[in-house]
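To start, the structure itself, in structure tokens.
By convention in this document, chain letters (A, B, ...) are assigned in the order of the sequence lines, proteins followed by strands, and residues within each chain are numbered from 1. Basis for what follows: all heavy atoms, side chains included, without hydrogens, waters or symmetry-related copies.
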Amino acid sequence: MSTELPKAYDPAAVEAKAYQTWLDEKCFAGDPNAPGEPYSIVIPPPNVTGALHLGHAINATLQDILIRMHRMAGYNTVWIPGIDHAGIATQAVVEKQLKEQEGKDRYAVGREGLVERIWQWKQQYGDRILMQLSRIGASCDWDRTRFTLDDMCAKAVRHTFFKLFKDGLIYRGKRLVNWDVYLQTSISDDEIYKETVKTSLWHIRYPIEDANRGTGFQPVLATSKLDQSTSSKSEHRPHGLEAHATDHPSHMTVATTRPETLLGDTAVAVHSQDPRWNWAIGKFVRLPLTDRLIPIIADDILVDMTFGSGVVKVTPAHDPNDYAVWQRHQGQPDQIDILNILNPNGTINEAGGPYVGMKRDAARKKMVEDLTAQGLLEKEEPHEAQVGHSDRSKTPVEPYLSDQWFVKMAPLAEPALEVVRNGTIKFYPERHAQQYLAWLGEKRDWPISRQLWWGHRIPVWSLYLHAPADTIPSEIAEYFGELGLQDDVFITVNPADDRHIQICTRTTRADRALEAMNRYYHLTGTPAIDPAQYADVVTSEKAWGIAYSIMAAPAADPVMRDPDVLDTWFSSALWPHSTLGWPDETAALKKWYPTSVLVTGRDIITLWVARMVMTGMYNMGTVDSKANRGTGFQPVLAATTDEKSDLSSTTNNPHGLEARATGEKLGIPFFDVAINPTILDGKGERMSKSKGNGVDPVDIIDTHGADALRFTLATMATETQDARLPVKKDAQGRNTSEKFDLGRNFCNKLWNAARFVLSNLEENKSTDPVDEARWSLPDRWIVSRFNRAVEEANGAIKTYRFDVYAKVCYDFFWRDFCDWYVEATKPAMKDPNRAAQTAHVLAGVLDGALRLMHPMIPFITETIWWKLNEVRPTRELPGRIATGFSERLIKAPWPTVGDFSQAAEHIFPKVQEIVGAIRNVRNEYKMDPKKPVTVAIAAPAEPTRQITENRQLVELLAICTLRDVGPEVKGAADAARATAAGCDVFVEGVVDANAEKERSQKRGEDLKKKVAMLNGRLNNAGYLAKAPPSLVQQTQDELAEAEAELAKLEVK
RNA sequence: GGGCGAUUAACUCAGCGGCUAGAGUACCUCGCUUACACCGAGGGAGUCAGGGGUUCGAAUCCCUUAUCGCCCACCA
């Protein structure tokens, strides 16, 4: 086998081979029974809607860096991959495709047909996403790949819903939705387009009633029945003239583009500071055409008193803003009613009195006529309005009050707030915690039902009786008892309606039991349904008997399953524990929950992160939930923050054993939340699939390689919230970006440096033992620099500063190792006395560097590693660089921080400075780059010794001959002069005296500026008095040095 | 409307109280010296968005204005 690396670095070949090797050897597989402290991550599941873009790539890269680094550091790691079913987004995409390809809408293929098609889509795009992750190099445990709609997740969803339902945390409530009256379904905001419609603005008079003057405000009783007309007649309202003693007007004028909604008005609102109207607050108006009295209320949010008449009609059931008014006034003294006036088909319902059964436009026309007839229409003006239309039916949508399921937030939110407030869960960067706290702090109940077909179906069945429930619930319970399913159902009577029985189910068996019951009801008399289908639940005649008696007894509607599905985020919220097997007590769940860190974007801190914390604590916490409320978790939260000291330690759990125990008890889903930057395109717009500006990471991998992609993305992972990435097309029309040249060049450099080192090691197979005493200055320096880099990298990774980690690697490897150390070894490797020790250092440092950089650029480092193992299996530098052997780099131990060499780190930079000064002069005078120049250096005693010791090094790196070094050395007449490291460097043989004069003049000016600046500082009394003494001393030293140099310049 | 953030070299970004403000790319000069031209050596380049303040000292902290971006709420 050739031990030589191919001359040219070919990312594609390197990547395919390395990845396949890792897969073949199951390097990514997590084993919960393996030793090591746990370190786990669950991937934020990408939406199955489409392909991944660079935003996903940065997210995946950062997670992979963490996983790989901790795997090397000896943790028991697992990274769980997966995909989100992304309810509405996916359904919309597939429906669009269906329309385009077959000209059908979803009703044409039906619920089951559509869901089937979405599954096909999922297969195709899900695979593509996983392929993309593999190409990036993600070391996910692919055997644990999850999908938010798979059986395992479904089980977790069912158990969570059931538990919440049982605990009374899920309830049925009203919510305004966008209603398509044609299709009779609600639609999402995304499915609405605005159309400008020419209509009118009608100004309608609402007569003011001056009743209740003495008694103050009386809230209207909340009722949706149309009984106001009778109740208002029964009330006694004196009509005294004194009611209008002032010149207050006798009516209010409201303007509306939808006069028919007047029927649903339950208040009119004015601004509390409006002098025209605030006297009327608490009084009533008589609602035209209905004879109802509705209150005049103050609402300063709704009403803009500088706009129009300053009076706004409030129709809570048919307008989002008015609905908000209703919500705001709930529980207040001026609480108002809410009244639905529409049937699902858009006609006026029984609340509409004489207009009942009319379509919207007809009702509008008739009402305008009636208002005109009664003299209540002040005027009608032409008006253009933006009206929302349904994308599906192309008809105007109606805001419509419908029944939805909600999760009560308060009891869940409080503990989730507390763990972030007290630092049990930390955000990186910290500021992102604010958004989390602000949003959760509102504790707005979470609407979880969606009128879609793609998703987890809500596991609640309804039975509407035509009389109050009575014994039915217990009979149903008995039925389930017969079937042995009593633990899988929870039966309750809707508190708002005692004829409505709700049956929440936890298993598909329970579902089938109800389904069978329903079938049987429909087929009374002919129970000839497919017995096989229900074999597991139809176990006895008795069960059938009970079912029959329930269904037959008080005339009832069939047992119907709720048609809606759950919000996508409901299943995502369970992700950290559902993927590990909850509700089963799996070994994986025990070992890896809580997970170590969540890496995600800041746009879903509220939608996702907050909800994971809530459900995690709710499902996984073992702390008494009552103790969680109110005061927080004092007893268990003592030790959280003081394990920050030892950044370099890799043997302890990153979150400390005690913190881990606390986390387990609380059930939190993760300890850290690391927010990665949002990737923007060149125009500063967020990269996203829907905008069409997403760049496929595979395109970049094709042009630059995966390691290059990863390296560049790591450098972009700063603490900023956005990272801009200008993109252009390459010759083949693929997306690419020069940004990634950085990573590609770095990898190329690494490849070539490794080739050079390997060829040197091949030529030097000496068995001479490592002997530090014989190391040169560069040897000691580079080893110390390596350990410094490891220390810095540890700190960077611990604080999720991936840009710092990348920069540390870049500077160490390219600047220190390649530019200086490798150059310095060239003569050393040719010197038989030094070659053996130099080879030891080269091997040891290359070994360490590969380990250090592997998490970020895994493919290339692994490939080089294999060759290094062949050429030189042992590379230990005792005390400095520990290099335990490993056949595969992915499993090699993470480098420890070895001893530093303070002296070498102090002296070597001085050599660099002197070399730099000589090179500068050579370049400025355009001297022949190959021809050595003669140099003399005037230096104090100590530097003289150091320079002399490293004479060869200076001569090599600066291409010069050192004529003389010492305290008394003088420069020749034709020498150019430079100052470096406190020494005077004379480069001889400069012919152009004028140029030299110019040069020293320029230098003199710089020095004068500096002297002036330093003097200014030192002449400032405040500076001397208040600045730290060491700083003042430093300023004085600098001044002395500058003045000395200036003096020499002027003497010459 | 609320919140978060950005504005530093031509571009993309570090630096977040004290080095003459840095990096990569681009640019200029020189060099194909047997690891690397996806390279090496050197160089030029910035009123740190504008204004005010705090401080001995501000790119860095505070206030303010402007422009841009993102999230949330909303557009009778």
Would you please confirm or rule out a distance under 4.0 Å between OP1 or OP2 of rC4(B) and any side-chain N or O of Q435(A)? no
With a 4.0 Å cut-off on N to O distance, would you call [X] and [Y] a salt bridge?
| X | Y | result |
| --- | --- | --- |
| D811(A) | R815(A) | no |
| K930(A) | D928(A) | no |
| R258(A) | E398(A) | yes |

Contacts of F756(A) meeting ring pair (Phe, Tyr, Trp, His ring centres under 6.0 Å) (sequence neighbours excluded), chain-then-number -> none
Across all chains, not counting sequence neighbours, the ring pair (Phe, Tyr, Trp, His ring centres under 6.0 Å) partners of W326(A) are Y323(A)
By the 4.0 Å heavy-atom rule, please label D322(A) as base, sugar-phosphate, or nothing. nothing
[atom1] spacing across the pair [N] / [M], given as an integer number of angstrom:
| N | M | atom1 | value |
| --- | --- | --- | --- |
| rU60(B) | rG17(B) | P | 11 Å |
| rU20(B) | rA58(B) | P | 14 Å |
| rG50(B) | rG44(B) | C1' | 28 Å |
| rG22(B) | rA37(B) | P | 31 Å |
| rU65(B) | rA41(B) | P | 49 Å |

Report the distance from atom [atom1] of [X] to atom [atom2] of [N], rounded to the nearest whole Å.
| X | N | atom1 | atom2 | value |
| --- | --- | --- | --- | --- |
| I297(A) | rA76(B) | CD1 | P | 18 Å |
| I604(A) | rC70(B) | CD1 | P | 17 Å |
| D603(A) | rA73(B) | CG | P | 13 Å |
| L437(A) | rC72(B) | CG | C1' | 16 Å |
| Y206(A) | rA76(B) | OH | C1' | 12 Å |

When pairs are called at under 3.5 Å and a stem needs at least three consecutive Watson-Crick or G-U pairs, the stems of RNA chain B are B:1-7 with B:66-72, B:10-13 with B:22-25, B:27-31 with B:39-43, B:49-53 with B:61-65
Per-nt protein contacts along nucleotides 9-20 of chain B (heavy atom under 4.0 Å; B base, S backbone sugar-phosphate only, - none) come out as ---SSSS--B-B
In 5'-to-3' order, the base (B), backbone-only (S) or no-contact (-) status of each nucleotide in nucleotides 31-42 of chain B, using a 4.0 angstrom heavy-atom cut-off, is SS--BB-BSSBS
Test item: S737(A) and V695(A) side chains (from C-beta on) under 4.5 Å apart, heavy atoms: no
For residues 743-750 of chain A, dump all side-chain donor-acceptor pairs below 3.5 Å to protein atoms at least two apart in sequence or in another chain.
residue	atom	partner	partner atom	Å
R744(A)	NH2	D741(A)	OD1	2.7
N745(A)	ND2	D741(A)	O	3.4
N748(A)	OD1	N752(A)	ND2	3.3

Contacts of D811(A) and K1002(A) projected onto RNA chain B by closest heavy atom; the upstream (5') one is D811(A)
Heavy-atom nearest nucleotide on RNA chain B taken for K926(A) and for R431(A); more 5' hit belongs to R431(A)
(request) For the pair W751(A) (side chain) and P6(A) (backbone), establish whether a donor and an acceptor sit closer than 3.5 Å, ignoring hydrogens and angles. (result) yes
